[in-house]
Amino acid sequence: MLKKRAGLRAERGTSVSWDLSREFGELSLTATVFGSRVDDPVAVDRERYVLFTRDRATTNVGGELLATMRRGPWVGTGTYTFVRAREGSAAAREDV
């Protein structure tokens with residue numbers, strides 16, 4: 001059984017995603033933009049194995065491009081995704 005450490009707060013998350021798709025004959029293209037934010041994220045101090053709540057939100061923003069080509073019995077798919085994930089404390093924010 002896990003004990004709740006004093007001072008831990010429940011994480012609260014929000015997210016948004018927007019997709020746009022279009023077909024050009026045999027080619028299908030989809031573009032996606034997304035973002036999420038987790039307030040009061042729980043983290044682990046790995047030196048002491050202690051859970052704690054970070055004082056700043058964790059964020060993720062990014063986009064994805066997806067292309068699908070259908071020709072006869074063959075289907076080819078290509079994709080590219082970019083994500084910028086950030087976390088940290090009031091003293092320092094860093095990409096993760």
Side-chain angles (χ1 to χ4, degrees):
M1 174 184 231
L2 295 175
K3 285 188 171 182
K4 184 176 178 183
R5 181 166 185 235
L8 282 179
R9 295 181 301 276
E11 295 179 329
R12 293 169 287 120
T14 56
S15 65
V16 65
S17 175
W18 183 76
D19 299 315
L20 180 64
S21 295
R22 176 72 189 222
E23 289 189 11
F24 300 94
E26 300 172 332
L27 179 65
S28 174
L29 300 175
T30 301
T32 303
V33 177
F34 56 87
S36 68
R37 175 185 174 98
V38 177
D39 291 307
D40 300 323
V42 174
V44 178
D45 177 345
R46 296 194 187 278
E47 291 180 15
R48 296 179 290 153
Y49 297 104
V50 175
L51 294 175
F52 66 97
T53 300
R54 292 191 182 276
D55 58 354
R56 294 204 48 197
T58 297
T59 59
N60 297 293
V61 294
E64 179 181 27
L65 299 174
L66 174 69
T68 303
M69 174 71 84
R70 298 175 187 275
R71 182 167 288 170
W74 299 96
V75 177
T77 301
T79 184
Y80 174 79
T81 303
F82 172 80
V83 179
R84 182 172 189 190
R86 302 201 59 168
E87 66 181 24
S89 63
R93 297 278 292 160
E94 63 181 313
D95 292 340
V96 292

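Note that the structure is predicted; figures quoted are calculated from it, not measured. Side chains are part of it too, since the values below use all heavy atoms of this structure and drop only hydrogens, waters and symmetry mates.
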Distance-minimising heavy-atom pair for Asp40 and Ala10: CB-O, 3.7 Å

Same apolar cluster (I L V M F W Y, side chains within < 4.5 Å links), Leu8/Val44: yes

Spacing of CZ belonging to Arg9 relative to CZ belonging to Arg54, to within rounding of 0.5 Å: 12.5 Å

Backbone N/O of Val42 and side chain of Glu11: donor-acceptor pair under 3.5 Å: yes

Heavy atoms of other groups near Tyr49 OH, more than 12 under 6.0 Å: no

Donor-acceptor pair, side chain of Thr58 and main chain of Pro41, under 3.5 angstrom: no

Common cluster, Phe24/Met69, ILVMFWY with side-chain heavy-atom separation under 4.5 Å: yes

Interatomic distance, Asp39 atom CG to Thr14 atom OG1 [nearest 0.5 angstrom]: 6.5 Å

CD on Glu23 to OG1 on Thr30, rounded to 0.5 Å: 8.5 Å

Leu66 side, atom CG; Thr79 side, atom OG1 - distance, nearest 0.5 Å: 5.0 Å

Close side-chain approach of Asp95 to Arg86, heavy-atom, < 4.5 Å: yes

Atom pair OG1/CG of Thr81 and Leu65 - distance to nearest 0.5 Å: 8.0 Å

Heavy-atom closest contact (Phe82 atom, Phe34 atom, distance): O-CZ, 4.0 Å

